[in-house]
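Okay, so here's the structure we're looking at.
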Number of protein chains: 2
Amino acid sequence: MADVNPVLLDEQLCFSIYSASKKFNHFYQSALAPFGLTYPQYIAMLVLWEKAPLTVHQLGERLELDSGTLTPLLKRLEKQGWVSRVRSQTDERQVLIHLTEMATTKRDEVYSRIGQCQTLLGMTSDEIDSMMTELVTVKEQLDTVSHQRLIAKEVDKTN
Amino acid sequence: MADVNPVLLDEQLCFSIYSASKKFNHFYQSALAPFGLTYPQYIAMLVLWEKAPLTVHQLGERLELDSGTLTPLLKRLEKQGWVSRVRSQTDERQVLIHLTEMATTKRDEVYSRIGQCQTLLGMTSDEIDSMMTELVTVKEQLDTVSHQRLIAKEVDKTN
DNA sequence: TTTCAGAGTATTGTATACAATTAAATTGTC
DNA sequence: GACAATTTAATTGTATACAATACTCTGAAA
């Protein structure tokens, strides 16, 4: 019974994060409604505004998403006029994602819209910082466990 | 320029939460692979193990999910033999979700499996507690903002 | 009793996610 | 240069999420 509580705590933390993530999603969706951007589309644009063009793979590394998610997402962004997808001349495996003129023009508008909606979440910078540090710890731990499980699988195969 | 940093911090926190949520999801999916349960299916089972039967609505309140998500999820759980969906006799609008015998039998197995995989995330109980408290703050703040936006919409309509 | 507003669930349509596979291009190696 | 291994995107299939809508049932008011 002694080790039941921590397990429950972990589960509660997991659910809190899961729930907060959904709420953030909803918040951004509604804040960005005038632009028709979803949260994943928005963070893709953020990365591109910072440094475009990028290949699908490079974008995926930053966003931790694979082509299975990004290809359709980018097609939607293209359809809505935010980006253009151009097969690279030098390496035809790659597709370069460029910003359109509209995207460049609207960047400040989008930023300002987000700025208006930002509430700083009722937290100080220090609190946010410490929370992010803790989240990094959690993520690293989860990666470690996943990695251990991968190794365990390999060992399994040898039997 | 002075208020740019906090906005970026908020965004980074949002992304950290988004990313951690995905990692947790992956962790549970892989831990529960022997049972074929996903994370959302698992938390549905957790609630049901605690107190079944429940209506779709009651389950949705606990999980913060609506019937659009739950109906297909519960159909899959039913197909895999975890639950049965029974239209209520006393109020035919409601569908009661019951545990199957298999679900009752496998409960401890699932718990033990999760227990084995639990790593306590490299955090103390106090750290987890404080993190959850901060997440609650974040979620409340996001709810407040959403609520304000709803009110703003109402005001819009009157013009 | 009839009607009707609201409750509860299901359905439809859109947008992620991600595992697994496919297809095309490039690189490395002989 | 031929060819196997690798890389990069796209595709396919499954599972969430959620808004909007439809449909059925219930309870209350007229």
Side-chain angles (χ1 to χ4, degrees), chain A residues 15 18-30 32-33 36-44 53-61 63-80 82-83 85-97 146 149-150 153, chain B residues 15 18-30 32-33 36-44 53-61 63-80 82 85-97 146 150 153:
Chain A
F15 185 77
Y18 162 77
S19 164
S21 178
K22 288 198 299 175
K23 274 201 183 7
F24 259 121
N25 225 295
H26 184 266
F27 165 73
Y28 273 98
Q29 187 112 13
S30 109
L32 294 169
L37 290 173
T38 65
Y39 177 66
Q41 289 168 2
Y42 169 66
I43 56 178
L54 289 173
T55 68
V56 174
H57 183 77
Q58 289 170 329
L59 198 52
E61 278 192 337
L63 302 178
E64 298 171 24
L65 293 170
D66 65 9
S67 69
T69 301
L70 282 179
T71 297
L73 184 152
L74 291 168
K75 281 184 179 174
R76 282 186 285 272
L77 282 180
E78 185 177 44
K79 202 180 196 176
Q80 293 168 36
W82 296 96
V83 305
R85 298 159 62 247
V86 184
R87 186 71 54 178
S88 163
Q89 295 286 309
T90 56
D91 185 341
E92 293 211 353
R93 287 171 304 181
Q94 302 182 112
V95 168
L96 289 168
I97 313 300
S146 295
R149 300 180 54 70
L150 275 180
K153 269 190 191 170
Chain B
F15 185 77
Y18 161 78
S19 166
S21 178
K22 289 198 301 175
K23 275 201 182 5
F24 260 121
N25 223 296
H26 183 265
F27 165 73
Y28 274 98
Q29 186 113 14
S30 113
L32 295 169
L37 291 173
T38 64
Y39 177 66
Q41 288 168 5
Y42 168 66
I43 56 176
L54 288 173
T55 67
V56 174
H57 184 78
Q58 289 169 328
L59 198 53
E61 278 191 336
L63 302 178
E64 299 173 20
L65 293 171
D66 64 12
S67 70
T69 302
L70 282 178
T71 297
L73 185 152
L74 292 169
K75 281 185 179 172
R76 282 187 284 272
L77 283 179
E78 185 177 44
K79 202 180 196 178
Q80 293 169 35
W82 295 96
R85 297 159 62 246
V86 184
R87 184 83 39 190
S88 164
Q89 296 284 311
T90 56
D91 183 342
E92 294 209 354
R93 289 171 302 183
Q94 301 181 116
V95 169
L96 289 169
I97 312 301
S146 295
L150 275 180
K153 269 190 192 170

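A, B, ... follow the sequence lines: proteins, then strands. Residue 1 opens every chain.
What separates CG of Leu32(B) from C1' of dA19(C) is a distance of 17 Å, to the nearest Å. Distance, Leu74(B) CG to dT11(C) C1': 15 Å, rounded to whole Å. Whole-Å rounding puts the Glu61(A) CD to dT7(D) P distance at 12 Å. Rounded to a whole Å, the CD atom of Gln58(A) is 15 Å from the P atom of dT7(D). Glu78(A) has its CD atom 15 Å from the P atom of dA9(D), to the nearest Å. What separates NZ of Lys75(B) from P of dT14(D) is a distance of 16 Å, to the nearest Å. Atom CG in Leu70(B) sits roughly 12 Å away from atom C1' in dA10(C) (whole-Å rounding). Atom OH in Tyr42(B) sits about 19 Å away from atom C1' in dA15(D), given to the nearest Å.
The CH2 atom of Trp82(A) sits 9.5 Å away from atom CD of Gln41(A), with the distance rounded to the nearest 0.5 Å. From Leu73(A), atom CG reaches atom OG1 of Thr38(A) across 6.0 Å, with rounding to the nearest 0.5 Å.
Each side chain to side chain donor-acceptor pair (under 3.5 Å) pair with one or both residues in residues 65-80 of chain A, not counting sequence neighbours, appears once here: Glu78(A)-Arg85(A).
With sequence neighbours excluded, the residues satisfying side-chain hydrogen bond (donor to acceptor under 3.5 Å, both in side chains) with Arg93(A) are Asp91(A). With sequence neighbours excluded, the residues that form a ring-ring contact (aromatic ring centres under 6.0 Å, His included) with Phe15(A) are Tyr18(A). Scored by the salt bridge (charged side-chain N to carboxylate O under 4.0 Å, His left out) test, Glu64(A) finds Lys23(B) as partners (sequence neighbours excluded). For Thr55(A), the side-chain contact (heavy atoms from CB on, under 4.5 Å) partners at least two apart in sequence or on another chain are His57(A), Gln58(A), Gln94(A), Leu96(A).
Residue Thr71(B) has no polar side-chain atom (N or O) positioned under 4.0 Å from OP1 or OP2 of dT11(C).
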Within the 4.0 Å limit for protein heavy atoms, which parts of nucleotides 16-26 of chain D are touched? Write it as a string from 5' to 3', B for base, S for sugar-phosphate only, - for none. BBBB-----BS

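Taking five base pairs at each end of the helix from dT1(C)-dA30(D) to dC30(C)-dG1(D) and finding the rotation axis that steps the C1' atoms of four pairs onto the next four gives two axes whose angle is 10°, to the nearest 10°.
For the pair Arg87(A) (side chain) and Val95(A) (backbone), a donor-acceptor distance under 3.5 Å is absent.
Here the side chains of Leu37(B) and Leu77(B) are in contact, with some heavy-atom distance below 4.5 Å.
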